Structures are given as C-alpha cells and as structure tokens.
Amino acid sequence: MARILVVDDAFVEREAVARLLTSAGHVAVTAANGRDAWLTLYEGVPDLILLDLMMPQMDGITFLNLLRHSDHWSRVPVIVITGFSEDEQLVGEAKRLGVVDVLSKTNCSVGEILSLVEQTLTQVAKSLLCHPPVRRRRRSMACTA
C-alpha cells in the first residue's frame, strides 16, 4: 500500500484517478493545484506523485522545480498526466526535472496509469533495498577538556 498524491485542477479527473488508486489498495491524497500539493507534502511524504502540468495558482513545472530543489522531497518519483503532452517545450522541461514518464490525458487508459504506477513503485522499492538511506551519526555536544 503506497501513499500517492494526485495533483490536478480538473475535479472529475482527479477524483477518478484517486478512486482507481484506492481500488488498487493505495492511499490516494488529492490536491487541486501545485500550491495545495506543496502544503499537502507537510502532512506526509508520498511514495509517488501523479501531476498535471497546467493548473491555476501554481502550475506543475513550478511545483516540480520546488520539489526537485527540496531537501525532503527531491527523490519522490513523479508521473505527469497532462492534456499538453504534445507541447515539446513543456514536456521537455518536465523530463529535465526528472519525471518518470509523461502520459496524455486523452490517450491513456486506466490500465496504463495503474500499470505505470505499480511499475514505478516496484522500482522505488528495489532501489531502496539496494541503496538504503544513509543514517548520519549525531555529533556529541559534550565539550572535551
């Protein structure tokens, strides 16, 4: 069971993807734009983010820039699902920011979305097994004389 953040300003599409993820056994958290998604990150780190690119208040590229430059959330995988998949500049910028893949809202099926989500979560899990997080030692605050 993974915690997945679904970010899309289109209510019907956002809720449909959230229901799909929930029916597959995941916890779906939703946000209507990048600003709301950013605030949602403070409630718990998602295992994956599904992100639209064109949204009011904070678009997907701005959100991705913030995410990738964050100490806490820079490694969270992101899949873009957008109606602007033909916009080479926009998609190129998303890929430069390290998204897993870009899906077209008009040309992808629920099966494709779920398959990519499961594949990405599996890759993340394997990556964590091979490269566990580095634990840093605490330095002693005691003075030595």
Side-chain angles (χ1 to χ4, degrees), residues 1-139 141:
M1 175 173 70
R3 177 181 167 88
I4 302 174
L5 175 57
V6 180
V7 188
D8 195 327
D9 61 321
F11 176 80
V12 172
E13 293 168 5
R14 180 177 69 238
E15 293 304 312
V17 171
R19 280 192 307 275
L20 171 69
L21 297 170
T22 301
S23 70
H26 301 294
V27 174
V29 179
T30 62
N33 56 57
R35 183 185 62 87
D36 292 347
W38 187 256
L39 295 173
T40 301
L41 293 174
Y42 289 93
E43 297 171 8
V45 179
D47 298 298
L48 176 65
I49 299 172
L50 302 182
L51 180 68
D52 187 16
L53 293 180
M54 300 302 290
M55 299 175 288
Q57 296 183 7
M58 182 190 292
D59 63 38
I61 295 297
T62 303
F63 175 79
L64 272 170
N65 267 307
L66 287 172
L67 191 73
R68 294 302 181 227
H69 291 93
S70 159
D71 289 337
H72 301 290
W73 305 298
S74 63
R75 295 182 149 225
V76 175
V78 177
I79 297 171
V80 168
I81 304 176
T82 183
F84 292 87
S85 62
E86 300 299 317
D87 185 328
E88 291 179 22
Q89 183 177 358
L90 194 60
V91 169
E93 183 65 13
K95 288 183 178 181
R96 185 187 70 73
L97 290 166
V99 300
V100 173
D101 205 348
V102 177
L103 299 175
S104 169
K105 282 185 179 181
T106 57
N107 294 332
C108 71
S109 68
V110 293
E112 288 173 296
I113 294 170
L114 198 52
S115 176
L116 185 55
V117 163
E118 298 299 340
Q119 178 183 7
T120 302
L121 292 171
T122 299
Q123 288 173 346
V124 169
K126 285 180 183 177
S127 165
L128 289 175
L129 288 174
C130 294
H131 306 286
V134 176
R135 291 192 178 169
R136 297 184 183 175
R137 290 177 153 182
R138 288 185 170 211
R139 293 185 180 190
M141 297 300 286

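This is a predicted model, so every value here is computed, not measured.
Taking 4.5 Å as the limit, some side-chain heavy atom of Pro56 sits within range of a side-chain heavy atom of Asp9. In this structure, the side chains of Leu64 and Leu51 come closer than 4.5 Å at one or more pairs of heavy atoms. Two residues are said to be in side-chain contact when any heavy atoms from C-beta on lie closer than 4.5 Å; Leu48 and Val124 fail this criterion. Put simply, the side chain of Trp73 reaches to within 4.5 Å of the side chain of Leu41, judged on heavy atoms.
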request  = Please assess Glu93 against Leu53 for the test side-chain contact (heavy atoms from CB on, under 4.5 Å), listing each intermediate value before the final yes or no.
outcome  = CA-CA 11 Å; Glu93 183 65 13; Leu53 293 180; over 6 Å; no
ask   = Does the side-chain contact (heavy atoms from CB on, under 4.5 Å) test come out yes or no for Leu121 and Ile4, once each step is laid out?
value = CA-CA 10 Å; Leu121 292 171; Ile4 302 174; 4.2 Å; yes
ask   = Where do Phe63 and Ile49 land on the side-chain contact (heavy atoms from CB on, under 4.5 Å) test, with the steps shown first?
value = CA-CA 11 Å; Phe63 175 79; Ile49 299 172; 4.0 Å; yes
ask   = Does the side-chain contact (heavy atoms from CB on, under 4.5 Å) test come out yes or no for Val7 and Leu50, once each step is laid out?
value = CA-CA 6 Å; Val7 188; Leu50 302 182; over 6 Å; no
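To the nearest 0.5 Å, atoms CD (Gln89) and CZ (Arg96) are separated by 11.5 Å. Distance check: Thr120 OG1 to Ile79 CD1 gives 3.5 Å after rounding to the nearest 0.5 Å. Once rounded to the nearest 0.5 Å, the distance linking CZ of Arg3 with CG of Asp47 reads 8.5 Å. Residue Gln57 holds its CD atom at 4.5 Å from CG of Asn33, rounded to the nearest 0.5 Å.
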Atom pairs and distances, side-chain donor-acceptor, residues 18-26, under 3.5 Å, sequence neighbours left out:
unit_1: Thr22; atom_1: OG1; unit_2: Ala18; atom_2: O; d: 2.9
unit_1: Ser23; atom_1: OG; unit_2: Arg19; atom_2: O; d: 3.4
unit_1: Ser23; atom_1: OG; unit_2: Leu20; atom_2: O; d: 2.8
unit_1: His26; atom_1: ND1; unit_2: Ala2; atom_2: N; d: 3.1
unit_1: His26; atom_1: NE2; unit_2: Glu118; atom_2: OE2; d: 2.7

Under 3.5 Å, which donor-acceptor pairs link side chains of residues 100-108 to any protein atom two or more places apart or in another chain?
unit_1: Ser104; atom_1: OG; unit_2: Ser85; atom_2: OG; d: 3.4
unit_1: Ser104; atom_1: OG; unit_2: Thr106; atom_2: N; d: 3.3
unit_1: Ser104; atom_1: OG; unit_2: Thr106; atom_2: OG1; d: 3.0
unit_1: Ser104; atom_1: OG; unit_2: Asn107; atom_2: N; d: 3.4
unit_1: Lys105; atom_1: NZ; unit_2: Asp8; atom_2: OD1; d: 3.2
unit_1: Lys105; atom_1: NZ; unit_2: Asp8; atom_2: OD2; d: 2.9
unit_1: Lys105; atom_1: NZ; unit_2: Glu13; atom_2: OE1; d: 2.8
unit_1: Lys105; atom_1: NZ; unit_2: Asp52; atom_2: OD2; d: 3.3

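The only member of Asp71, Leu67, Leu66, Asn65 that meets side chain to side chain contact (heavy atoms under 4.5 Å, CB included) when paired with His69 is Asn65.
Shown here are the side-chain contact (heavy atoms from CB on, under 4.5 Å) partners of Gln119, two or more places apart in sequence or in another chain: Leu116, Gln123.
For the pair Val80 and Ala94, the tightest heavy-atom approach, listed with the atom from each and the gap, is CG2-CB, 4.3 Å. Of all heavy-atom pairs spanning Arg68 and Val76, the tightest one is NH1-O, 2.9 Å.
A side-chain N or O of Thr62 and one of Asp59 form a donor-acceptor pair less than 3.5 Å apart.
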